[in-house]
Amino acid sequence: MTEALDRTLAYTKSWLESLSTRQVAATADMETLLDDFAGPLPEVGCPAELVIDELAAKAEPGMHGSPSGRFFAWVIGGTLPSALAADWLVAAWDQNAALAACSPASAVIEQTAGRWLKEALRLPQEVSFAFTTGCQMAHVTGLAAARHHMLAQQGWEVEARGLRGAPPLPILASNNRHGSVERALRFLGLGTDSLFLVHTDERGAMKASSLATALERTNGKAIVCLNAADLNVATFDDFKTLVPMAKDAGAWVHIDGAFGLFARASRRFAHLAEGADAADSWSVDGHKWLNVPFDCGVSLIRHPDAHKAAMTLSASYIAPDASVRDQIDWNPEWSRRARSVPVYAALRELGRSGVEDLVDRCCDHCCALVEGIGTLPGAMAMEKPLLNQGLVRFERAGHSDTQNDAYTQDVIAAINKTGEAYFSGTRYKDRQAMRVSVVNWRTSTEDVERTIQAVKQVLVKESAL
Ligand SMILES: *Cc1c(COP(=O)(O)O)cnc(C)c1O
């Protein structure tokens, strides 16, 4: 066994060390990768260390350097050293973190990780939590609790009776919601037809007047879904106004704070999410801004009773012990990995001030990138970043909007091809944009400089074409 692990350690070190010099984008094309991993199930096996050697050699060219400090596409967090190492321990310990009885330490560490996270995000300690696979399943968990609570208030026990014949449960959300909210509604049987569209202003923030109308029409018997930062420009809904309005009307307020809720960990940015703590449920990601490896989201819920009613599970062979928290009662899975352990490690490594520093640093780098790229000839900043998300666009004088849409896409592809940095595109206000997302502890001032230089060279070349 140790040979495979030794090689994995050596390989991991060389992978991480290579991040500053290797191409950021994957170099292998799809065809090669499909070819490399083609073939039927082998009849006979192969020694573990050779599996690792072969896997690493074949796969690496097809891996993006997404843990590098110059990967700014989508919203992809990095991995802190302690979180990566703790994730290895989780695999080595190989515990089933479903029940305290199955793994006492995993249950206790999860309690502490949840408590610390609430402290970092400045949420009330009476809030209950569940560590899920990501923000997607955190939405499912939070909205399942919301569904229970809102229907129970109308005398309908949804866990027993299902939704056939149930009172309607409209979901008030804006067009700026993330697609995972919609999918959660599908999973929960509420359906996307239950969406009631609330209008937004030009930055994508929900309009209070439109929410007021929607609450009135639905008699407040609704779930309101708000955003703590959208993907394009990190627009926050105005929680100070909207949350009390929705709560006074009797609605449940759910906040999608996948990465944006971490603004609350920073004194400089907390004002953006002020008033968010008055909501009923929140979804956040561990694997984005907290920089733990993938497979980690967190659902936080103000009403532990509704949370537990929606998720709890009792089976005859489970020996419930009232003094401990069984994870199975709070999350939608049965057997599961101890995914809160890397969260514990990350928060232990950073401390409260380290989380704040991580948030502040990413935001500063995002500003520097958007400003630095935006002032290059042929480039423009579309919006000044509010947090860690920004948009730039590339234009050639005398060309139409549509032509410049295509040009922006060409420039993104050309930047990615240099191997110096990696970006993805999006559409914003009907125009093509390049998204600048900084969510990685590794990104440094040098990475920012190097990226701006790379973009500059691409623009010189492209404009000469
Ligand atoms: C990433 C993201 C999600 C989905 O989270 P997963 O962890 O990928 O399931 C939801 N909402 C927002 C705002 C996001 O950025």
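Atoms within each ligand, like the ligands themselves, are counted from 1 in listed order.
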Under a plain distance cut-off of 3.5 Å, with no hydrogens placed, do T426 and N232 share a side-chain donor-acceptor pair?
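Yes, because at least one side-chain N or O of N232 sits under 3.5 Å from a partner of the opposite role on T426.
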Indicate whether any N or O donor in one side chain lies under 3.5 Å from an N or O acceptor in the other, for N331 and T132.
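Result is no, nothing qualifies.
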Heavy-atom nearest neighbour in the protein, as seen from [atom], with distance rounded to 0.1 Å:
atom                    : value
atom 11 (N) of ligand 1 : D256 OD2, 2.7 Å
atom 14 (C) of ligand 1 : K288 NZ, 2.8 Å
atom 6 (P) of ligand 1  : C135 N, 3.5 Å
atom 9 (O) of ligand 1  : Q136 N, 2.8 Å
atom 12 (C) of ligand 1 : A258 CB, 3.3 Å

Atom indices of ligand 1, in the order listed, that fall short of 4.0 Å to a heavy atom of [X]:
X    : value
D285 : 1 (C), 5 (O), 6 (P), 7 (O)
F259 : 15 (O)
S180 : 3 (C), 4 (C), 10 (C), 11 (N)
L231 : 15 (O)

Residues which pass side chain to side chain donor-acceptor pair (under 3.5 Å) with D280, listed by chain and number, not counting sequence neighbours
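Partners of D280 by the side chain to side chain donor-acceptor pair (under 3.5 Å) criterion, ordered by chain and then number, come out as K247, H303.
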Ring-face cation of R442 near F71 (centre distance under 6.0 Å, axis angle within 45°):
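The answer is no, since R442 fails at least one limit relative to F71.
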Would you mind reporting whether R268 and D364 have side-chain heavy atoms less than 4.5 Å apart?
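Contact flag for D364/R268 side chains = yes.
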To the nearest 0.5 Å, tell me how far D29 CG sits from T32 OG1.
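That separation rounds to 3.5 Å.
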With sequence neighbours left out, which residue pairs that include part of residues 173-197 fulfil the salt bridge (Lys or Arg N to Asp or Glu O under 4.0 Å) condition?
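The answer is R177-E182.
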